[in-house]
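Inspection log for the structure reproduced underneath, given as structure tokens.
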Amino acid sequence: MAHPKINDLQAFLAVARDQSFTKAAAKLGLTPSALSHTMRSLEERLGVRLLSRTTRNVAPTDAGERLMRAIAPLFDQIAIEVDALGELRDKPRGTLRVTCTDDSIELCLRPMLATFLKDYPDITLELYVDYGFTNVVEERFDAGVRLGEAISKDMIAVRIGPDWRLMVVGSPAYFARHPAPATPHDLTGLPCVNIRHRPSGSVYAWEFEKTGKAFTVKVEGQLVFNSIVHVLNAAVDGIGLAYVPEQLVAPYLADGRLKEVLGDWCPTFQGFHLYYPNRRQASPAFSAFVDALKYR
């Protein structure tokens, strides 16, 4: 006996359940005559009559009832599993890899992490601290976080934080040993804590602005980090002056552990943005992440 086709069994099940060629054909997207022909071909292959037909209705025979009871649960289970796959596709899940800086984590990501991970238990976030302006495409990151002005024009950028400025700060212990600078040019004779973003790159020159004129000052010091958080900690420890984000240093100013100088010379920078390739297909997980991070 030739094995019946799956489509033919599905068609039989539809006719047996609806007891109507017309209704079943409408559900299957067939004509009643084509469906009737399919049923006759199925019965011929099986060598048994499955449907009892009259001019007004159609009903399964004993053999048809037996076949329907046997296959109906199987096709129902298949439908359930297919629907479950659809839910899986639309449900935010998976691993997202993001390159960022430690200050962007502290200021933008950390405040939302607990709620986001609770709301999306099937999403895993991998956050890689890197000041080296990593190529997210080559390194296969889903996205990166940088200041708006540092993002390439061929990337989609989503603002995730307000504009901010850097501040020159030092500890009370530091100022007990050294004079406070009156202008940025006075920094050249004072111990400062530097940052080098990349091992092969140059030490960051502090940026200043006055009356619309921008300039930089290269400061000196015995300590260089590639992390702004450690620069901040070194300033708190009295090792040197530091140039750090205003939001990051605010708690230390409030409790007196640090003091600001040269406030009138420090410019404002574009806030942090999440950036990613414009050809990236947004998964439900990535869309949820972007929505959670958007600056409002």
Original post:
So, do Trp206 and Val168 sit near enough that their side-chain heavy atoms are less than 4.5 Å apart?
Top reply: yes
Subject >> ring pair (Phe, Tyr, Trp, His ring centres under 6.0 Å) evaluation trace for Tyr295 with Phe272 >> reply: CA-CA 9 Å; Tyr295 177 64; Phe272 285 113; over 10 Å; no
**OP:** Return yes if a side-chain donor-acceptor contact under 3.5 Å exists between Thr101 and Ser104, otherwise no.
**Re:** yes
Original post:
If two hydrophobic side chains count as joined below 4.5 Å and joins carry through other members, does Val224 share a cluster with Ile228?
Top reply: no
Original post:
What pairs meet the salt bridge (charged side-chain N to carboxylate O under 4.0 Å, His left out) rule with one or both residues in residues 226-250, with sequence neighbours excluded?
Top reply: Arg165-Glu246
Original post:
So, for Val15 and Val58, which heavy atoms are closest and what is the spacing to 0.1 Å?
Top reply: CG1-CG1, 4.1 Å
**OP:** Inspect the contact between Arg53 and Glu43 and indicate whether a charged nitrogen and a carboxylate oxygen are less than 4.0 angstrom apart.
**Re:** yes
Subject >> Flag, side chain of Arg97 to backbone of Ala143, donor-acceptor distance under 3.5 Å >> reply: no
Subject >> Non-hydrogen atoms of Glu260 and Gly263 that approach each other most closely >> reply: OE2-CA, 3.2 Å
Original post:
Parallel under 30°, tilted from 30 to 60°, perpendicular over 60°: which one fits the rings of His185 and Phe215?
Top reply: parallel
**OP:** Answer yes if the side chains of Ser36 and Arg40 hold a donor-acceptor pair under 3.5 Å, and no otherwise.
**Re:** yes
Original post:
Are side-chain heavy atoms of Val98 and Tyr276 found at a separation under 4.5 Å?
Top reply: no
Subject >> Closest contact, heavy atoms only, Leu127 versus Cys100 >> reply: CB-SG, 4.1 Å
Subject >> Residues that Asp18 engages under salt bridge (Lys or Arg N to Asp or Glu O under 4.0 Å), provided they are two or more places apart >> reply: Lys27
**OP:** Answer yes or no: does atom CZ of Arg196 have more than 12 heavy-atom neighbours from other residues, nucleotides or ligands under 6.0 Å?
**Re:** yes
